[in-house]
Amino acid sequence: MQHTVELVARAIHKAEHQELSWDSEPSAQKDRFREYARNAIDLLNEDVGVLLLALEEATTGKRMKHPRAAA
């Protein structure tokens, strides 16, 4: 379960903070994202894979939008 929380926390962080590295975040910030992850996992139960996929798609969508904004 702890591994899943960490994966979801990192995915949420990545979706929200593209420019910031997870490793450079202060411990308090990481704990905040872990709490978000625990809440999401509790709400989704076994469907946590859907959350990870949605977060990855959101992250990919954000990356694709940046070049257009510059053009």
Side-chain angles (χ1 to χ4, degrees):
M1 177 66 166
Q2 193 64 17
H3 178 69
T4 303
V5 169
E6 193 70 14
L7 286 175
V8 174
R10 286 174 179 255
I12 293 170
H13 176 270
K14 184 177 178 183
E16 287 189 10
H17 302 287
Q18 288 285 311
E19 65 283 351
L20 300 175
S21 165
W22 173 260
D23 295 330
S24 67
E25 286 286 0
S27 181
Q29 287 292 86
K30 289 180 182 179
D31 288 342
R32 185 177 62 120
F33 282 101
R34 289 180 184 118
E35 185 63 28
Y36 294 158
R38 280 189 285 278
N39 290 337
I41 291 166
D42 288 345
L43 289 171
L44 292 171
N45 293 320
E46 282 81 44
D47 292 332
V48 72
V50 174
L51 172 65
L52 290 170
L53 180 61
L55 288 168
E56 184 61 32
E57 288 175 359
T59 301
T60 303
K62 282 184 180 181
R63 279 190 219 133
M64 293 177 72
K65 290 180 185 176
H66 288 297
R68 283 190 200 153

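All figures in this text were calculated on a predicted structure; none of them were measured in a lab.
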Legend entry - By side-chain contact (heavy atoms from CB on, under 4.5 Å) - contacts of Ala40 (at least two apart): Leu51
Legend entry - side-chain contact (heavy atoms from CB on, under 4.5 Å) partners for Asp31, two or more places apart: Ser27, Arg34
Inset, instruction - Would you indicate whether the side-chain heavy atoms of Trp22 and Lys30 approach each other to under 4.5 Å? - result: yes
Legend entry - Check: His13 and Tyr36 side chains under 4.5 Å, non-hydrogen atoms: no
Legend entry - Partners meeting salt bridge (Lys or Arg N to Asp or Glu O under 4.0 Å) with Arg10 (sequence neighbours left out): Glu6
Inset, instruction - Sequence neighbours left out, what passes salt bridge (Lys or Arg N to Asp or Glu O under 4.0 Å) with Arg32? Give chain and number order. - result: none
Taking all atoms of both residues into account, what is the closest heavy-atom pair of [X] and [Y], and its distance?
{"X": "Glu25", "Y": "Leu20", "answer": "OE2-CD1, 3.6 Å"}
{"X": "Val8", "Y": "Ala37", "answer": "CG1-CB, 3.5 Å"}
{"X": "Ser24", "Y": "Ser21", "answer": "OG-O, 2.9 Å"}

Legend entry - From CG (Leu7) to CD1 (Ile41), nearest 0.5 Å: 8.5 Å
